[in-house]
Structures are given as structure tokens and as C-alpha cells.
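Here is the structure we will look at.
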Amino acid sequence: MIKVTFPDGSVKEYKEGITSLEIAEQISPRLAKEVLSATVNNEVIDLTRPITTDSKLVLHKWDDAEGKHAFWHSSAHLMAEAIEALWPGTKFGIGPAIENGFYYDIDPGDKSLNESDLLLIENKMKELASKDLTYSRRNVSKKEALNIFSTKGDEYKVELITDLQDGTISLYTQGNFTDLCRGPHLPSTEPIKAIKILSLAGAYWRGDEKRKMLTRVYGITFPKQKLLDEYLVFLEEARRRDHRRIGKELELFTFSPKVGMGLPLWMPKGSDIRSKLIEFLTVILRKRGYKIVATPHIGNVNLYKTSGHFEKYGADSFQPISTPQEGEQFMLKPMNCPHHCEIYNATPHSYKDLPLRMAEFGTVYRYEQSGELHGLTRVRSFTQDDAHHFCRHDQLREEFKSIIDLVLYVFRILNFNEYTAQISLRDPDNKEKYIGSEENWEKAERDIIEAAAEKNLETVIVTGEAAFYGPKLDFMVKDAIGRKWQLGTIQVDYNLPERFDLTYNGSDNQKHRPVMIHRTIFGSLERFVAVLIENTSGKFPLWLAPEKAVILPISEKFNDYARKVLELLNNSDICTLIDERSEKIGKKIRDNELKRIPFLLIVGEKEEESGSVSVRKQGDGDKGAMKPDEFVNFVNEEIKKEIDL
RNA sequence: GCCUCCUUAGCUCAGUGGUAGAGCAGCUCACUCGUAAUGAGCAGGUCGAGGGUUCAACUCCCUUGGGAGGCUCCA
């Protein structure tokens, strides 16, 4: 007999070799029907694996990530079986579960899959799933595994197996399909009720752009049709929140192929939001002791040779601009830091002056790969809310912490709660990719980790994501469909102070080398506005709304009165519009609600007589009548509540 | 940059070889209206661009611009 401990602490005895599924059946038939995988002693395994020792057991249903993972992983195998049935000879790469669904990378040989094939796959999968195929696991030797897959001609699997250690290799089979796999899987295809094959994409084998591009097939499955329907509705809603769509709808920004791809054109309303964000942040920066500077949009090529950026990114940048002067070349600035270093060097510095905080809303230009451009989130010209902190080594930790505070402060005011903080360190296996001494790297990595810990910031640590000159702490947010974007970043840099020979005089009257911190809060105004749009569906907080109110006369008879109110409000700095069309009030309300204008002011006979406006708050209905000056105070009060700095 | 797909009116989209369609937006007229769509009429497109096949191309083929979803990249 073995002892099994459940999550609630209770312990039960079972005969040795019992499976999690059998245990679930003994608890309740309903549970057995819903359970998808199990964690036994911290290892997630198949429900059908025998348990042979005293164990801690957690059963996973659909609601657990582990349950979904097994469900989707099994679905990936099922899709592979369908693909093999449809196109025999297809070679298979990898097919994992992902955050939403699963994919399989395949090499269909001469055939190239197109969108109409997705339905074929889907239907084949439905047919196979309904056969209630069981997933069975078996351990094999490396030799046997190599034999199986080389006989089959699955060269990608052979490559994967070659890198595996003998004795750790397992295969899973369902129906006519066997795959190299660690598991875990569902007991059978029975729970897979709703299937949607979503899209096709290219993906380099093993993520290496020098290797063959395989065809990646994305899909998602659910245990109930209703869940799939809900997911498809969610995707549709997310599409409606897309900042590219809302940006066009609300006339915030545009792109023109004539200007060039990835070069955003801010329209009046978008530009207004952008300016308000800059003003907002400027007030905060001044309070926090930042000095605001301005630098040109170009710099001599030698500047970037000094900084090391030319060597690293020169070939992938907008290429240098030549001048009439033989041999002279300038670059569009891809970052502001070298310019700031030269401002630092323009005056002597004492240890007493540090830390020096230098900020600039600096527009930079980067030649991003064409396939990488994406709305406002990835562009070729963008304005960073950039700053550099020049500090003594003993100040680094405190300075870093103060920036974390600043980022969290700004996010809090803006109601940005859905971020994750990510610490990016070197790739320990590729240290030669980075510049700077081992000692400085170690210290910088330690400082970041400890500063974040001291601020009680919940972080994930990722290796291999550091900048080439130093480790960093990034604040990431998700867009409407779950893609992650980096907003704020705090980066430690020992490299540029070295390259630009930055110094300060210490208390010992000797020259010392400061350390630099690069930081942004918004990241870039472009990306930040994009995220803001997707977070709010274009219903910006009142203080950011480019237009605060629109006056809606009940009929043309009241246009004169409406114009009087309009003038009064605009003179009081409440940006207001008027809708003088000869439309019914219901139509005017609808149209202006769709334009996301925060307040609709309805004026008719009643209002004209009493010298008032009827206030309707967007999305919130009638708020009753107010005098125009009361409305001005009301709006100003509301704004104050939003950004009480 | 690579893979798959898309590109038709200001916007959202029909139209798979026989000289271009709808809804919304716009304009005009009527209505003068009380909290999410009043009605009628008009106007609007060299079907992204260039080349080819064909008696005939929005439709098929090639090149190219731009876009979407991924991959790679992201100072």
C-alpha cells in the first residue's frame, strides 16, 4: 500500500501501482470525467501512469494551467495525426502547447499548405477525436528511437533525439501516430470536443534563421463547444480594441507609404494626447530633480563608433548621411545616450553633484526589419521618454530603487495594473556577446536583483535578454490579443562611461568613473499610446481626452444658444465641439458616444430658458442639468481626481 | 529579412473570365425633433502599381508597393 497526500492535507492509502485516474474515479465519477492531468510529487504526469511510492497528488482539471497544457499538447499530437493522414510523408518538428492553444511545426515537403487546408485538418481532427483514441506511453532506448524515426524519414525528430540522453526517451502513441514526447497527455481524445485550426505561419527550425523554415500550424481546442465560441468572441472583441483600428477610427494617427513604412504621422487628436503625456511627465520629472535637455536628431558617425553602437547595429541602421564635406558622415540618432554623455562631459563634475539625472523626450530612428513593424508598437521613428542617471557606484542601488518607485508611481496614476516586471540577465553560455568586465556585470546583475527585491517588486528573471552593455529591468504589458510589449526599462551601464571617458572628482580629489543608468517609463510615446488605446478601447481618462465635451442642440432652433455655451467652455479651456447637424437627438448621442467624447451636453428649450446644459456622461447616461460654469468646475475637479500629482 | 494570407468608394465588406455593388460616412432637400441610428435624393472607384496570358482580366500568371498573423530581430 502507498500513502497519497491530497492538496488539503488529507492522506489516503491505495494499492501500489494505482493511477491518478483510478483515484479520481474513487473520489467521484464526475471528477474522473473532468480531470486531465496530475501532479505527482511535483512532476506533472499522465493520469494513467501508475503511482508506486508515497506521493503528494494534485489532480488538474481544465481550470488549471497544467490541465489545459495536457489538453492542448494532446491536441497537437492529434493534429499531427490528422496532418499525416491527409498528407503522408509530412515531416514533423516540434508541437507544443502554448498559452492559448498549441501549434505543430511541420515540413510538408513539396506541398505548401494554404488556408483552405486548415478546414481539412480541422475536420480530420474531429473525425479522429470522435474515435476516442487512447494516448499510450512507452519508454525506449535512444537507439530504438533513432531507428524508428530514421526509418520513417523524420529527420527533425532524429536530430532532436540525437541531442537527448539515453534512458530519458519516451514515445506517445494515439491511433496511427507516434511521437517523441515527454508528455504528459490525456488518457484519450475523448474530452477534445471543440476544435479550431487558426492560422499558418513560417517558423525557422529550432528558431535559427539560418535553418529551414517550417510551416507552423496554430490551433486551439476545448472540452466544450461553448468555450470555443466564447474564445472566438473574445478574439473578435480584441480585434475591436486594436489600437490600429481605433487610431484610425478616432483619427489619432496614420501611416503613409509615401512617407515610409513604420513612420507614424500623428494627427491633431493623437498629437494632443502625446503632448499631454509629455507635460504630465515633465512636471513629475522636475519634482524629482531631473534636468531636461534637448539634442539634435543626428550625430556624427564617430559618436556611435565611440559608443560601440555602430559596430553592433550599424549595418542594420538607417545608413550614414554624407555631407558636402569629404569623408564626413552623420547618422539619424538611434538612441540619445551618446549625446547625453557629451553633455555630461561639457562640464566638470564633483562627487557632490551626483547623481545627475538628465532627461529628454528624444526622437530616435531605427531601421527595424520590415516584417517586425507593427502599428505604433514597433516603428522606425519614435520618441523615448529617455533619461540617464550618472551616479557614483555607491549610489547605484538607491538610484535604481528610486526609478522603480517612479515607474510604479506613474503606472499607478494611469491605472496601469497589468504589467509584469522582468529582470534580463546575460546568457551564461554566450558571455562573449556582451561587452564590459565580468566583475562589473556581476555587480550590476546583483544590484538589479537586490534593488527589485528591496522594493518588493515581483519579478521574473530571464537569461539571455540583457542589452549588450548591461542587465536591465523591464516593465512589460500585454496588448489586446496577449502579445507582450516592453514599456519602461531600467538598465545599468558601465560601458558608456568607459567609452566616453566620463569622470567626476571624488572627495579624494582623484578622477573617478561614474556608472550610468538608462531608463524610460513609457518606453516610447508611440508604444505607450498604443497600449493606452488598447487598455481603454479609446475611452481615455478625462485629462487625456483631446476633446472633453460636445454640445448637442435638440434642434437647429437652439444652435445659437449652443454656440454661446461653446464659446464659454472653450474660453475656460474645456475643449468642446458642437454637433449642429439637423439630426434627431438620439442619433447625435449615438454618433458622439461612438467618438468616445467624455461628456455630451444636450441643450433645448429647457436649457436655454434656465441658461444651463444637460450633462450626459459617456457610457453612463444622464447626469442632470448644470450651469456652464458649474460644468467647467466639475470637469476640472474630475481631472484633478485623476491626476493629483 | 523569411513563411502564409490579404489588398475593390473615406470606412466595413460583396463580387472566381463578359465593360463595377451594398451598408455606414459625405453632400442636397424635407422634417425641427428630449438621451445610442428620421426619410428621400445625389455624388463618390483608371478594383494598390507595373507587366503578361486572353477576343475579353477586379477575377489567371509574374514583378512590385502596402497591410495582417507568425518566425527571426529588438540598442
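If you're wondering where the values come from, they're calculated on a predicted model, not measured in any experiment. We name chains A, B, ... by the order of the sequence lines, and we start the count at 1 in each one.
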What's the CD-C1' distance between E115(A) and A68(B), to the nearest Å?
10 Å
So, under a plain 3.5 Å distance rule, would you say the side chain of Y367(A) forms a donor-acceptor pair with the base of G1(B)?
no
Could you list by number each residue of residues 475-501 of chain A showing a heavy-atom separation from RNA chain B of less than 4.0 Å, or answer none if no residue does?
I481(A), R483(A)
Scan residues 591-604 of chain A for pairs that pass salt bridge (charged side-chain N to carboxylate O under 4.0 Å, His left out), counting only residues two or more places apart or in two chains.
E249(A)-R596(A), R581(A)-D591(A), K587(A)-D591(A), E593(A)-R616(A)
Length of the line joining D208(A):CG and C3(B):P, which is rounded to integer Å
16 Å
Answer with yes or no whether R378(A) presents, from its side chain, a donor or acceptor under 3.5 Å of a partner atom in the base of C74(B).
yes
side-chain contact (heavy atoms from CB on, under 4.5 Å), paired with W485(A), selected from M476(A), K478(A), R378(A):
R378(A)
Atom pair distance, as rounded to whole Å: CZ in R581(A) and C1' in C24(B)
12 Å
A68(B), OP1 or OP2 - any side-chain N/O from R244(A) closer than 4.0 Å?
yes
Does the plane of the ring in F390(A) sit parallel, tilted or perpendicular to the ring in H388(A)? Use 30° and 60° as the thresholds.
tilted
Write down the distance separating the P atoms in G18(B) and A56(B), rounded off to the nearest Å.
14 Å
Could you tell me whether K472(A) contacts a base, only the sugar-phosphate backbone, or nothing, with contacts defined as non-hydrogen atoms closer than 4.0 Å?
sugar-phosphate
W72(A) vs F222(A) aromatic rings, parallel, tilted or perpendicular, using cut-offs 30° and 60°?
perpendicular
Please answer whether the main-chain N or O of L502(A) pairs with a side-chain N or O of R513(A) as donor and acceptor at a distance below 3.5 Å.
yes
Salt-bridge contact R519(A)-E399(A) (side-chain N to carboxylate O under 4.0 Å):
no
Say you pick atom P in A9(B) and the same atom in A49(B); how far apart are they, in whole Å?
10 Å
Can you list the residues that meet the ring pair (Phe, Tyr, Trp, His ring centres under 6.0 Å) rule with Y365(A), with sequence neighbours excluded?
H297(A)
Bracket notation of RNA chain B in which parentheses pair within the strand, [ ] cross earlier pairs, and | pairs with another strand (Watson-Crick or G-U, under 3.5 Å):
(((((((..((((....[..)))).(((((.......))))).....(((((..]....))))))))))))....
Closest to the side chain of S112(A), out of U4(B), G66(B), A75(B), is U4(B)
So, does H374(A) get its side chain near the phosphate of G69(B), meaning an N or O under 4.0 Å from OP1 or OP2?
yes
What is the separation between atom CE on M261(A) and atom C1' on G65(B), rounded to the nearest whole Å?
8 Å
Decide, applying a 5.5 Å centre-distance limit and a 30° plane-angle limit (both strict), whether Y469(A) stacks on A75(B).
no
Rounding to an integer number of angstrom, what distance separates U53(B) and G69(B) when you compare their C1' atoms?
32 Å
Run the numbers on E638(A) and K548(A) for salt bridge (Lys or Arg N to Asp or Glu O under 4.0 Å), then give the verdict.
CA-CA 11 Å; E638(A) 291 290 304; K548(A) 310 293 186 218; over 6 Å; no
Given the C1' atoms of U8(B) and G15(B), what is the spacing between them in whole Å?
9 Å
Under 4.0 Å from any atom of RNA chain B, heavy atoms only: list the residues of residues 210-220 of chain A that qualify, in numerical order.
M213(A), R216(A), Y218(A)
When the side chains of residues 520-528 of chain A are checked against the rest of the protein, which donor-acceptor pairs come out under 3.5 Å, sequence neighbours left out?
from    : atom 1 : to      : atom 2 : distance (Å)
T520(A) : OG1    : T489(A) : N      : 3.4
T520(A) : OG1    : G523(A) : N      : 3.4
S524(A) : OG     : E526(A) : N      : 3.4
S524(A) : OG     : R527(A) : N      : 3.0
E526(A) : OE1    : T383(A) : N      : 2.9
E526(A) : OE2    : W266(A) : NE1    : 3.4
R527(A) : NE     : T377(A) : O      : 2.8
R527(A) : NH1    : Q486(A) : O      : 2.7
R527(A) : NH2    : T377(A) : O      : 2.8

P atoms of C3(B) and U63(B), separation to the nearest Å:
11 Å
Using the side-chain hydrogen bond (donor to acceptor under 3.5 Å, both in side chains) criterion, which residues pair with K333(A)? Sequence neighbours excluded.
T295(A), N336(A), E360(A)
Separation of E209(A) atom CD from G1(B) atom P, in whole Å?
12 Å
Report, as a single string ordered 5' to 3', how protein heavy atoms within less than 4.0 Å touch nucleotides 32-44 of chain B: B base, S sugar-phosphate only, - not at all.
BBBBBBB------
Answer yes or no: does atom CG of D163(A) have more than 12 heavy-atom neighbours from other residues, nucleotides or ligands under 6.0 Å?
yes
Separation of the C1' atoms in C60(B) and G66(B), to the nearest angstrom:
22 Å
About how many Å separate OG of S307(A) and CD of E342(A), when rounded to the nearest 0.5 Å?
10.5 Å
Roughly how many Å apart are G50(B) and C58(B), using the C1' atom of each and rounding to a whole number?
16 Å
Which donor-acceptor pairs under 3.5 Å do the side chains of residues 89-97 of chain A make with protein atoms, sequence neighbours left out?
from   : atom 1 : to      : atom 2 : distance (Å)
T90(A) : OG1    : W87(A)  : O      : 2.6
K91(A) : NZ     : E155(A) : OE1    : 2.8

When rounded to the nearest Å, what value does the distance between C1' atoms of A25(B) and U12(B) take?
11 Å
Can you measure L373(A) atom CG to G69(B) atom P for me and round it to whole angstrom units?
12 Å
Expressed in angstrom and rounded to an integer, what is the separation of I197(A) atom CD1 from U4(B) atom C1'?
15 Å
N/O contacts under 3.5 Å, protein versus nucleotides 9-14 of chain B?
none

Between D427(A) (CG) and C74(B) (P), how many Å, whole number?
12 Å
Any S199(A) side-chain nitrogen or oxygen under 4.0 Å from OP1 or OP2 of G70(B):
no
Please work out if A201(A) contacts a base, only the sugar-phosphate, or nothing of the nucleic acid, heavy-atom cut-off 4.0 Å.
base
Would you mind reporting whether H243(A) and V529(A) have side-chain heavy atoms less than 4.5 Å apart?
no
With under 30° as parallel and over 60° as perpendicular, where do the rings of F318(A) and Y367(A) fit, or are they tilted in between?
perpendicular
Could you tell me whether F599(A) and F634(A) have their ring centroids closer than 6.0 angstrom?
yes
Not counting sequence neighbours, which residues clear side-chain hydrogen bond (donor to acceptor under 3.5 Å, both in side chains) with E607(A)? List them please.
S614(A)
Side-chain polar contacts of residues 250-263 of chain A - donor-acceptor pairs under 3.5 angstrom, sequence neighbours left out - could you list them?
from    : atom 1 : to      : atom 2 : distance (Å)
S256(A) : OG     : K258(A) : N      : 3.0
S256(A) : OG     : V259(A) : N      : 3.3

